[in-house]
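Note that the structure is predicted; figures quoted are calculated from it, not measured. Whatever order the structure lists ligands and atoms in, that order sets their numbers, starting from 1.
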Amino acid sequence: MKILAIESSCDETAAAVTEERSVLSSVVATQIAEHKIYGGVVPEIASRRHTEAISQVCSEALDKAGLTYGDIDAVAVTFAPGLIGALLVGVNFAKGLSMSLKKPLIPVHHLRSHIAANYISNPTLKPPFLCLLVSGGNTVLAEVTDYTKFKILGGTRDDAAGECFDKAARCMGLEYPGGVNLDKLATVADTKKYPLPHPTVSSGEFDFSFSGLKTAVMNLINNSLQKGDIIDVPVVCATVRQRVCDMLIEKTMLVAEKFGYKTVAVAGGVSANSELRSRMTEECNKRGLTLYYPELCYCGDNAAMVGVQAYYEFKDGNSGSASLNAAATLPIDYR
Ligand code: KG4
């Protein structure tokens with residue numbers, strides 16, 4: 001089954017052609033250069049750029065796969081969660097295509113597709129497994145009970161891990177996308193030099209909290225600026241990265257141990273973080289757990305992961321109609 005998949009939930013216009021878990025082509029048109037000027041994604045600009053790029057990106061994905069629209073068996077699209085104006089561009093384009101081609105429309109949840117990025121990179125991975133889902137807007141620990149069934153075990157009480165990285169980077173003057181640049185700048189450092197807190201949550205042992213750390217970094221930078229102190233940016237980057245990774249790894253290991261999971265996967269943009277990847281590998285090895293990651297090219301937003309998840313959604317009878325709408329928020333275990 002050849003699926004043309006479309007992703008436009010934030011600042012990447014992406015299209016891919018997939019066949020079950022295989023990627024025949026994947027095209028991503030990023031808007032980073034434009035949003036960088038503003039230090040973050042400007043929703044209206046994102047929607048407008050998707051509108052301009054989407055047709056060309058889809059044609060390119062088909063060309064690269066050596067196919068035409070007539071060869072496609074279904075059209076898949078990210079419909080939630082994300083920036084509403086951005087999602088609507090993809091949803092409407094996909095609906096038009098599905099109607100004109102007379103092929104099924106498959107709505108795909110953005111976070112489910114981030115998990116599916118692991119199926120591309122790891123052909124042997126199959127549910128059930130525990131997944132740490134870490135992106136710019138979400139931090140969730142979920143059991144992937146089956147390809148389309150999820151049980152939420154924990155989540156952030158406030159900010160997502162990616163939000164904490166992005167805001168910390170921004171207040172240190174790093175360019176958007178902050179998390180990536182913070183990771184690149186962080187050096188092996190004395191992470192006790194700056195008194196940044198280790199995030200904790202008082203109850204709800206599987207939950208996360210990153211807003212306290214985010215505020216502490218902002219206060220540290222603002223106070224230093226006011227006093228004229230020079231901040232050692234690479235050391236602050238390393239400290240923030242260590243604190244965030246501590247919490248992500250600690251909670252993941254706690255849940256794995258408590259519920260006896262033997263297989264763990266990490267997904268979402270933050271799964272590209274170098275310290276998270278290396279330390280999570282060490283911790284899983286110590287405990288005899290099998291760990292999976294997406295390849296770096298599938299950690300961020302792309303449409304290949306949408307196509308792969310769409311295959312499982314369609315097998316499970318999940319198809320969309322002409323009245324499909326986009327949603328800015330929707331839990332991963334919706335239905
Ligand atoms: O999954 P994603 O591409 O988009 C969402 O669906 O949110 O995640 C984007 C997030 C941003 O916060 C970005 O800064 C973060 O992933 N990110 C990273 C790294 N690469 C991307 N954070 C830390 N280290 C990285 N290497």
N-O pairing of [X] and [Y] below 4.0 Å:
X: R279; Y: D246; answer: yes
X: D232; Y: K193; answer: yes
X: R335; Y: D316; answer: yes

Distance under 4.0 Å to a non-hydrogen atom of [X]: what atoms of ligand 1 satisfy this?
X: F165; answer: 22 (N), 23 (C)
X: G300; answer: 3 (O)
X: G162; answer: 12 (O)
X: G137; answer: 7 (O)

Response to the item:
min-distance protein heavy atom vs atom 26 (N) of ligand 1 -> D183 OD2, 3.0 Å
Worksheet entry | atom 24 (N) of ligand 1 [closest protein heavy-atom partner, distance rounded to 0.1 Å] | N273 ND2, 2.9 Å
Is ligand 1 under 4.0 Å from a heavy atom in the side chain of [X], in the backbone, in both, or in neither?
X: D166; value: side chain
X: V270; value: both
X: H110; value: side chain

Worksheet item: Once you round to the nearest 0.5 Å, how far does CD of Q309 lie from CG of N118?
Response: 11.5 Å
Worksheet item: Should the pair R277 and Y293 be classed as cation-pi, given the thresholds of under 6.0 Å to the six-membered ring centre and 45° from the axis?
Response: yes
Worksheet entry | Of the listed options G269, G136, G82, closest to atom 19 (C) of ligand 1 (non-hydrogen atoms) | G269
Response to the item:
Min over A117, P177, A169, G179 of heavy-atom distance to atom 18 (C) of ligand 1 lands on G179
Item to complete: Measure centre to centre between the rings of Y119 and Y298, then say whether the value is under 6.0 Å.
Response: no
Worksheet item: Quick one: are the ring centres of Y311 and Y147 less than 6.0 Å apart?
Response: no
Worksheet item: Applying the side chain to side chain donor-acceptor pair (under 3.5 Å) test to R48, which of E44, H50, E52 qualifies?
Response: E44
